[in-house]
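Quick one: the structure is below, questions incoming.
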Amino acid sequence: MNYWLMKSEPETFGIEHLQRAPRHTHCWDGVRNYQARNYMRDSMRIGDQAFFYHSNCNPPGIVGIIEICSESYPDYTAFDPDSKYYDPKSSPDKSRWFMRDVKFIKKFSNIISIAELRANKELHQMVILKPGNRLSITPITDKEWQMVLKML
DNA sequence: GCCAACGTTGGC
DNA sequence: GCCAACGTTGGC
């Protein structure tokens with residue numbers, strides 16, 4: 001089992017959206033970066049868990065835990081000209097982008113802010129804390145996973 | 001296949 | 001809203 005960190009803007013799709021979704025489950029659409037796509041398409045496994053990270057908000061940080069609950073399948077928002085995720089170079093025949101379904105597991109009573117993550121010396125290797133990193137999906141080591149949970 | 005221009009991300 | 005750091009695009 002692998003661990004991940006998945007970013008989303010709370011105004012677009014926050015952890016409350018997932019919590020309220022039918023069966024606590026929703027697709028994770030809109031990934032338009034090849035590395036993040038490869039993680040999602042090739043590296044994730046059903047049952048992997050991920051931190052849900054709220055970005056572009058105040059404060060940004062980890063707000064809960066979700067679980068990967070489907071295999072990867074074509075991200076159909078790329079086929080829809082009206083979608084903000086539309087990509088004319090992706091087609092149902094030959095999809096460029098993929099997604100998976102994720103399930104709400106838990107919302108933390110307090111956010112673990114990026115400032116707190118940065119202040120934790122044990123987490124200096126976390127991909128998301130490295131300068132200039134913008135990947136929306138990043139792997140988390142077992143050690144990092146445990147350490148973050150200790151910060152609750 | 002180089003690389004300049006452009007668009008996006010996201011913390012601050 | 002600023003802007004640095006990236007990724008992508010497309011002319012050549």
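Order of the sequence lines fixes the chain letters, A, B, ..., with proteins taken first and strands second; residue numbering starts at 1 for each chain. Computed from heavy atoms alone, side chains included, the values below leave out hydrogens, waters and symmetry copies.
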Of R32(A) and G132(A), whose nearest nucleotide on DNA chain C comes first from the 5' end?
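That would be G132(A).
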Hydrophobic cluster identity match, I15(A) and I137(A), side-chain contacts under 4.5 Å
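Per the 4.5 Å side-chain linkage, I15(A) and I137(A) are co-clustered.
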Between D101(A) and H26(A), is any pair of side-chain heavy atoms under 4.5 Å apart?
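No, too far: nothing below the 4.5 Å cut-off.
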Expressed in angstrom and rounded to an integer, what is the separation of Q35(A) atom CD from dC6(C) atom C1'?
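Distance, rounded to whole Å: 12 Å.
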Check whether the side chains of T77(A) and D75(A) place a donor and an acceptor atom closer than 3.5 Å, and report yes or no.
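Yes, D75(A) and T77(A) have a side-chain donor paired with an acceptor closer than 3.5 Å.
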Run the side-chain contact (heavy atoms from CB on, under 4.5 Å) test on Y39(A) and L135(A) for me, step by step, so that the C-alpha distance in whole Å, both residues' side-chain angles and the decisive distance to 0.1 Å come before the verdict.
CA-CA 11 Å; Y39(A) 281 141; L135(A) 262 187; 4.0 Å; yes
Is the shortest heavy-atom distance from the side chain of F52(A) to the side chain of I62(A) under 4.5 Å?
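Result no, sub-4.5 Å side-chain heavy-atom pair not found.
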For a quick check, with a 4.0 angstrom heavy-atom cut-off, what is the B/S/- contact string for nucleotides 7-12 of chain B, read 5' to 3'?
BBBSSS
Check whether NZ of the Lys or CZ of the Arg R41(A) lies under 6.0 Å from the centre of the six-membered ring of F98(A) and within 45 degrees of that ring's axis.
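Satisfied, under 6.0 Å and within 45°.
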Are R32(A) and S90(A) linked by a side-chain donor-acceptor pair shorter than 3.5 Å?
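S90(A) and R32(A) do not have a side-chain donor-acceptor pair below 3.5 Å.
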Of the residues in residues 74-97 of chain A, which ones touch DNA chain B at a heavy-atom distance under 4.0 Å?
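By residue number: none to list.
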Remaining members of Y34(A)'s ILVMFWY cluster at a side-chain heavy-atom cut-off under 4.5 Å?
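Other cluster members: W97(A).
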